[in-house]
Amino acid sequence: KAIRLQALVDPQAGPVSGDSDRLQQVVWNLLSNAVKFTPKGGRVQVRLERINSHVEIVVSDSGKGISAEFLPHVFDRFRQADGTSTRKHGGLGLGLSIVRQLVELHGGTVNVESGGEGQGATFIVQLPLMVTRRQSDAATRPRRHPTAGGGGLSFDCPPSLEGLRVLIVDDEPDTRRLLRTVLERCGSEVTTAGSSAEALAAYAESKPDVLISDIGMPEEDGYELIGKLRAAEAGSGGRIPAIALTAYARVEDRVRALNAGFQVHVPKPIEPVELLAVVASLTGRTGQQT
């Protein structure tokens with residue numbers, strides 16, 4: 001069909017956590033759909049980049065487009081814009097439904113945009129960035145903390161994080177669960193919050209020893225959270241050690257986090273052992289306790 005395929009891929013965008021075969025199926029279905037509905041001499045573009053705490057995959061085409069009436073039903077099972085018995089394109093109408101199901105199983109979202117008939121279509125997949133890196137050199141770290149159920153998450157604990165009260169703030173449930181798992185395996189007592197408002201309430205109740213917070217959150221971001229915490233601490237004389245664990249990894253992001261009141265800025269993704277070392281250092285738990 002002489003369709004021009006453009007690929008704009010940032011090799012540093014990832015990683016994400018998932019089933020590589022199923023994620024390949026997602027992209028394959030979107031590309032197949034784009035090629036199917038793009039006329040001869042048209043264009044299909046694939047773009048992959050990191051947007052805040054997500055990896056974004058965008059597949060756009062210069063094809064027949066989608067009417068405003070059908071747009072809300074694009075991902076429905078067995079639904080096609082051309083439902084006549086003599087429709088031009090085959091298939092059961094399951095491809096995009098499968099895309100949505102697989103993306104949501106990976107904790108992501110998929111959306112579609114189109115200017116209407118003849119205006120092409122754009123499909124946007126967002127997948128959460130993996131919060132930790134996988135260990136790549138097991139031989140250099142012979143002592144490993146045991147993993148639950150034979151899983152692949154393994155690491156060394158610092159000398160002692162036993163009893164350390166940690167408050168984790170992140171709007172991604174998977175990130176909160178992972179960080180809780182890492183810290184609880186080293187004996188820490190973990191409280192989690194999904195928003196700035198929840199974090200302020202949890203801080204008042206549990207009086208944590210250290211804060212680990214994301215920056216990009218809805219309603220109030222991590223900068224606003226740490227500002228409110230520092231204002232609340234001004235009258236009491238306390239100052240909780242605070243770590244910004246975030247996908248905002250530029251130099252200006254690090255400077256802004258430090259100026260806002262965080263002591264440490266750690267970019268995602270991070271290895272569990274590195275996160276534990278940062279927590280231990282910031283809270284004075286680096287020495288062997290007796």
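On a predicted model such as this, the values are computed, not experimentally measured, just so you know.
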How close do [X] and [Y] get, counting heavy atoms only, and between which atoms?
X: Leu71; Y: Ser114; value: CD1-CB, 4.2 Å
X: Ala244; Y: Ile215; value: CB-CD1, 4.1 Å
X: Phe75; Y: Arg100; value: O-NH2, 3.3 Å
X: Ser62; Y: Pro39; value: O-CD, 4.1 Å
X: Val103; Y: Val110; value: CG1-N, 4.1 Å
X: Pro128; Y: Val16; value: O-CG1, 3.6 Å

Quick one: does [X]'s side chain get under 4.5 Å of [Y]'s, heavy atoms only?
X: Gln25; Y: Asp21; result: no
X: Leu179; Y: Leu275; result: yes
X: Tyr203; Y: Leu211; result: no
X: Val46; Y: Leu48; result: no
X: Leu30; Y: Ile57; result: no
X: Gln263; Y: Leu258; result: no

If you measure from [atom1] on [X] to [atom2] on [Y], what distance do you get to the nearest 0.5 Å?
X: Met217; Y: Ser195; atom1: CE; atom2: OG; value: 7.5 Å
X: Glu56; Y: Gln126; atom1: CD; atom2: CD; value: 5.0 Å
X: Thr191; Y: Ile168; atom1: OG1; atom2: CD1; value: 8.5 Å
X: Arg47; Y: Thr122; atom1: CZ; atom2: OG1; value: 8.5 Å
X: Leu276; Y: Ser188; atom1: CG; atom2: OG; value: 7.5 Å
X: Thr246; Y: Asp253; atom1: OG1; atom2: CG; value: 7.0 Å

Sub-3.5 Å donor-acceptor pair from the side chain of [X] to the main-chain atoms of [Y], do we have one?
X: Arg176; Y: Asp170; answer: yes
X: His265; Y: Arg256; answer: no
X: Gln6; Y: Arg43; answer: no
X: Glu189; Y: Arg165; answer: no
X: Ser67; Y: Gly116; answer: no
X: Glu205; Y: Ala202; answer: no
X: Asn52; Y: His54; answer: no
X: Ser281; Y: Ala277; answer: no

Would you check, one step at a time, whether the test side-chain contact (heavy atoms from CB on, under 4.5 Å) holds for Asn29 with Leu102? CA-CA 11 Å; Asn29 284 4; Leu102 290 176; 5.9 Å; no
Heavy atoms of other groups near Gln101 CD, more than 12 under 6.0 Å: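 12 or below, so no.
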Can you tell me if Glu252 has over 12 outside heavy atoms packed within less than 6.0 Å of its CD? yes
Between [X] and [Y], is there shared hydrophobic-cluster membership here, with clusters defined by ILVMFWY side-chain heavy atoms closer than 4.5 Å?
X: Val58; Y: Leu23; result: no
X: Val59; Y: Val9; result: yes
X: Trp28; Y: Val74; result: no
X: Ile124; Y: Val55; result: no
X: Ile51; Y: Val26; result: no

Are Asp61 and Phe37 close enough, and set up right, to give a side-chain contact (heavy atoms from CB on, under 4.5 Å), and what steps lead you there? CA-CA 8 Å; Asp61 63 67; Phe37 293 105; 5.7 Å; no
Check the pair Glu224, Glu219 against side-chain contact (heavy atoms from CB on, under 4.5 Å), reporting the backbone distance first and the verdict last. CA-CA 10 Å; Glu224 294 174 281; Glu219 297 181 8; over 6 Å; no
Show your working on side-chain contact (heavy atoms from CB on, under 4.5 Å) between Arg4 and Gln45 and close with a plain yes or no. CA-CA 8 Å; Arg4 185 158 51 100; Gln45 184 185 81; over 6 Å; no
